[in-house]
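Along the sequence shown, residues carry numbers from 1.
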Amino acid sequence: MRSVSRVHKGIASRAPSGHYGAGETQRRAVGYVRVSTDMQAMEGLSLEAQQSAIEGYCALHGIKLVRIYKDIMSGGKDQRPGLLEALDTLERSADVLIVLKFDRLSRSIMHFCEMYERYFKSGEKELVAIRESIRLDSALGRALISILLVFAQMEREATGERTREAIHHIRSSGYHFGKVPYGKKTIPAPDNPRMKVLVEDDEEQAVIAKLKTWALEGVGISEMANRLNTAGTPPPQGERWTKSLIYNLRLRLSHISPRPFNERPHTDAEVKVRIVE
């Protein structure tokens, strides 16, 4: 009869079977975490919480975690730097891609199907979503993922609709939302301090008045930019005033009309006469 110590020793020397069953070599995983800019800590999905869950999962199942990649952007976007790096690492040096939830990976059905066909359909690479506990090596698992992605895409589109409706309501109520145009600044609304209204910015209005005066004097746009840069006047964006910046500003302020696009000063008949000549 074996002693208790020998039994414990045998168990301790046994390689962890993990989520995938016993194997001779330890599986390698790459993790991926993502948050949208407007949901850093909602529902426990912060980057730190996702990373901790992935690390704990790998430790529990005896999987070697190669690296965790992250993105801070919408799951509806296909081209995410962190995701592309995670998939590249998966192809080169890992066996498993681990996420906390499937919607962290993608909220687009078409995008997910493309990833599945390229990376996971052959079965050589595995995808694990910790919360859903669904694997892709069965028809049932793939069907359940499709259902989850339908609702994820619906929620993303519904969120966009709610956002647009909220912005429309704010603007239709006379308040400001969005980027502040040059020459203006925002202050709390007198009737609702939580909202903002636009008022004129005296310093920026003075710059706009200079541009109008210089234009009447026949000063060119390049010279306008030089004068403003020499005076150290802060531009609306960037570090220096440029020709395009001044042109677009004057265009938005209706100081000038748009340049003609794809127009010609002669008719077809005049062109024919010129060709004959």
Side-chain angles (χ1 to χ4, degrees), residues 33-50 70-83 100-101 103-104 106-108 111 149-215 221 224-225 228-229 231-258:
V33 299
R34 181 188 66 79
V35 292
S36 301
T37 54
D38 59 348
M39 55 167 295
Q40 290 290 328
M42 290 175 58
E43 301 177 1
L45 292 180
S46 66
L47 293 175
E48 293 78 10
Q50 294 178 58
K70 68 178 181 179
D71 279 315
I72 304 178
M73 60 196 312
S74 169
K77 296 181 179 180
D78 298 351
Q79 300 300 314
R80 284 172 264 149
L83 177 59
L100 181 63
K101 297 178 63 181
D103 64 3
R104 299 301 89 202
S106 178
R107 285 187 172 229
S108 166
H111 178 223
L149 286 171
V150 167
F151 283 100
Q153 180 169 328
M154 182 183 68
E155 176 59 25
R156 178 171 63 89
E157 294 174 356
T159 300
E161 291 175 358
R162 289 194 297 268
T163 301
R164 288 190 293 271
E165 290 172 359
I167 294 173
H168 176 73
H169 175 71
I170 290 171
R171 289 174 174 170
S172 62
S173 300
Y175 305 118
H176 176 74
F177 182 91
K179 186 177 179 181
V180 179
Y182 189 77
K184 302 285 186 179
K185 63 181 179 180
T186 57
I187 61 171
D191 58 337
N192 188 350
R194 295 178 58 189
M195 298 297 178
K196 303 289 185 180
V197 293
L198 287 176
V199 296
E200 291 190 349
D201 184 299
D202 293 337
E203 293 183 1
E204 294 181 355
Q205 287 293 331
V207 174
I208 292 174
K210 284 182 182 179
L211 294 177
K212 292 182 70 174
T213 301
W214 290 340
I221 292 182
M224 292 182 187
L228 292 173
N229 289 326
T233 305
Q237 60 190 36
E239 298 180 355
R240 296 177 58 82
W241 288 88
T242 61
K243 291 174 60 178
S244 61
L245 191 60
I246 294 177
Y247 174 80
N248 291 328
L249 176 60
R250 297 187 66 213
L251 189 64
R252 182 181 63 80
L253 296 171
S254 300
H255 292 179
I256 56 176
S257 300

List the steps and the verdict of side chain to side chain contact (heavy atoms under 4.5 Å, CB included) for Val35 and Gln50.
CA-CA 9 Å; Val35 292; Gln50 294 178 58; 3.5 Å; yes
Check whether any side-chain heavy atom of Val207 lies under 4.5 Å from a side-chain heavy atom of Leu228, and answer yes or no.
yes
Could you state the interatomic distance from CZ (Arg250) to CG (Leu245), rounded to the nearest 0.5 Å?
12.5 Å
Under the criterion side chain to side chain contact (heavy atoms under 4.5 Å, CB included), I'd like the reasoning laid out for Tyr247 against Ile256: C-alpha separation, chi angles, the key distance, then a yes or no.
CA-CA 8 Å; Tyr247 174 80; Ile256 56 176; 3.4 Å; yes
Do the side chains of Ile208 and Tyr182 get nearer than 4.5 Å, heavy atoms only?
yes
To the nearest 0.5 Å, atom OG1 of Thr163 lies from atom CD of Glu165 at 9.0 Å
Between Gln205 (side chain) and Gly183 (backbone), is there a donor-acceptor pair under 3.5 Å?
yes
Indicate yes or no for a side-chain donor-acceptor contact from Trp214 to the backbone of Ala209 under 3.5 Å, with no hydrogens or angles considered.
no
Any heavy-atom pair between the side chains of Ile221 and Lys243 that's under 4.5 Å?
yes
With a 4.5 Å heavy-atom cut-off, do Leu100 and Val33 have their side chains touching?
no
Side-chain touch His255/Leu249, heavy atoms, less than 4.5 angstrom:
no
When rounded to the nearest 0.5 angstrom, what distance separates CE in Met195 from CD1 in Ile187?
15.0 Å
Between the side chain of Arg104 and the main-chain N/O of Arg34, is any donor-acceptor distance below 3.5 Å?
yes
Minimal non-hydrogen separation, Pro234 against Trp241, with atom names:
O-CZ2, 3.6 Å
To the nearest 0.5 Å, what is the distance between NZ (Lys185) and NZ (Lys196)?
12.0 Å
Hey, does the side chain of Asp71 reach the backbone of Met73 with a donor-acceptor pair shorter than 3.5 angstrom?
no
Would you confirm whether His168, through its side chain, and Ile170, through its main-chain N or O, come within 3.5 Å as a donor-acceptor pair?
no
Nearest 0.5 angstrom please: Thr233 OG1 to Lys210 NZ, how far?
5.0 Å
For Arg171, does the CZ atom have more than 12 heavy-atom neighbours from other residues, nucleotides or ligands under 6.0 Å away?
yes
Derivation of the side chain to side chain contact (heavy atoms under 4.5 Å, CB included) call for Lys70 and Leu47:
CA-CA 8 Å; Lys70 68 178 181 179; Leu47 293 175; 4.0 Å; yes
Do you know which two heavy atoms are closest between Pro193 and Pro188, and how far apart they sit?
O-CB, 3.8 Å
Flag side-chain contact, heavy atom, 4.5 Å: His176 against Val197
no
Counting C-beta onward and ignoring hydrogens, is there a side-chain heavy-atom pair between Pro181 and Arg252 closer than 4.5 Å?
yes
Does the side chain of Asp191 pick up a donor-acceptor pair with the side chain of Tyr175 at under 3.5 Å?
yes
Should Leu253 and Lys212 count as side-chain neighbours, where that means a heavy-atom distance under 4.5 Å?
no
